[in-house]
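Input: a single structure, listed below in structure tokens.
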Amino acid sequence: MSRTNLYGSFVQALFFSGTVSIPKYFLNHYSELEISHIEALLIIQIMGEIETSPNPSAQLLAQRMNLEVIQVEEMIAHLMSRNYLSLKKHWNHEDHQSSLGYSFVGLIEELAERWAIDEFKHFEAEQNQRKEPNDPLQNSTCSTSIGQIITTFEQELGRPVTPIECEVIDTWITSNFSEELILAAFKRGVMAGIRNFRYIDSILREWEKKGLRTLQEVEADDVYFQSRQEKSRFKKTSPQQSNRKVSPDKYENFYL
């Protein structure tokens, strides 16, 4: 066989031996997750085997990476402790049996959270670059309001708000809900144990239906609602009280 034919056969065998698809986002950010270079290579090795062998042995992986078995086992234990790697049941359609296999669900979720934070930073940067030349004072006030609202939300939620959540907040502001009204609705959600943006939006829309545009109007509506509740309870208890037997002289001087 000539050298040219040998090289061509090798190239053909090389590509037909199979490929491993590695997300570029993982390659760009694995070090930020405190995954070492050798651990990243181990993840790639497992990804390369997982389709045909869901649970490749530590001996096989050690042989592929020219490491001791104990080193591979320690790296697997470390990745599992960080929830980047886990063992889950896999169903084999050919054998019709379930078996344990490696799963990267935890790693994907962590990368997804990183991606969401990056997207939010890009969104925030774009928002800061937007300016209204016709009314710069109004634009400055709006940017200050949304910044303060986002800061409050993030402190209470314990995480950055997502780009979608930021758009919802921006919608509230463009709908002329004041900062104090948005924060008041958020506070009610927190007190109710519901930190859901749909729940906060429902509170704001309910106030909008009632024509309530300030915190003072909302508080006055609360007082009115509570007074109606108390009157309703009083009416329910009054018939029971009237049926009680009392002595003729018990309330003789009541209206004096």
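Note: hydrogens, waters and symmetry copies are ignored here, and every other heavy atom, side chains too, is used.
Of all non-hydrogen atoms in E180 and L215, the two that sit nearest each other are OE2-N, 3.5 Å. Between C166 and I150, the closest heavy-atom pair is SG-CD1, 3.4 Å. The shortest heavy-atom contact between V161 and E154 is N-OE2, 3.3 Å. Residues T174 and T171 come closest through the heavy atom pair OG1-O, 2.8 Å. The shortest heavy-atom contact between A58 and E73 is CB-CG, 3.8 Å. For the residue pair N176 and R213, the shortest heavy atom distance occurs at O-NH1, 3.3 Å.
M65 contributes atom CE, which lies 4.0 Å from atom CG of L41 (distance to the nearest 0.5 angstrom). Rounding to the nearest 0.5 angstrom, the gap separating the NZ atom in K88 from the OH atom in Y102 is 14.0 Å. Taking OG from S175 and CG from D170, the interatomic distance works out to 9.5 Å, rounded to the nearest 0.5 Å. Note that CD of E110 and NE2 of H29 are 12.5 Å apart. Values are rounded to the nearest 0.5 Å. A distance of 12.0 Å separates CD1 in I76 from OG in S81, rounded to the nearest 0.5 Å. Residue I35 holds its CD1 atom at 4.0 Å from CD1 of I43, rounded to the nearest 0.5 Å.
Criterion: ILVMFWY side-chain heavy atoms under 4.5 Å apart, direct or through other members. Under it, L87 and Y84 are part of a common hydrophobic cluster. Hydrophobic clustering (ILVMFWY, side-chain heavy atoms < 4.5 Å, transitive): F26 and V105 are in distinct clusters. No continuous path of hydrophobic side-chain contacts links I38 to L60 [ILVMFWY only; heavy atoms under 4.5 Å]. Both Y199 and L181 belong to a common hydrophobic cluster when Ile, Leu, Val, Met, Phe, Trp and Tyr are linked at side-chain heavy-atom distances under 4.5 angstrom.
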Evaluate the criterion salt bridge (charged side-chain N to carboxylate O under 4.0 Å, His left out) for residue pair E113 and R159; output intermediate values, then yes/no.
CA-CA 10 Å; E113 187 173 341; R159 61 167 177 80; over 6 Å; no
Would you sort out whether K187 and E156 count as a salt bridge (charged side-chain N to carboxylate O under 4.0 Å, His left out), showing the intermediate values?
CA-CA 9 Å; K187 183 179 179 181; E156 190 61 42; over 6 Å; no
Kindly determine whether W207 and D221 satisfy side-chain hydrogen bond (donor to acceptor under 3.5 Å, both in side chains), including the steps that lead there.
CA-CA 9 Å; W207 289 344; D221 183 71; 5.6 Å; no
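Within 6.0 Å of the CD1 atom in I164, the count of heavy atoms belonging to other residues, nucleotides or ligands does not exceed 12. For CD of Q63, the number of neighbouring non-hydrogen atoms (other residues, nucleotides, ligands) closer than 6.0 Å is 12 at most. When the shell of 6.0 Å around CD of Q216 is examined, it contains more than 12 heavy atoms from other residues, nucleotides or ligands.
In summary, K210 and E217 do not engage in a salt bridge, as defined by a charged side-chain N under 4.0 Å from a carboxylate O.
Residues F153 and F197 are in side-chain contact: their nearest non-hydrogen atoms beyond the backbone lie under 4.5 Å apart.
For E109 (side chain) and G106 (main-chain N/O), no donor-acceptor pair under 3.5 Å exists by modelled atom type.
Judged by the 6.0 Å and 45° rule, R114 forms no cation-pi pair with Y25.
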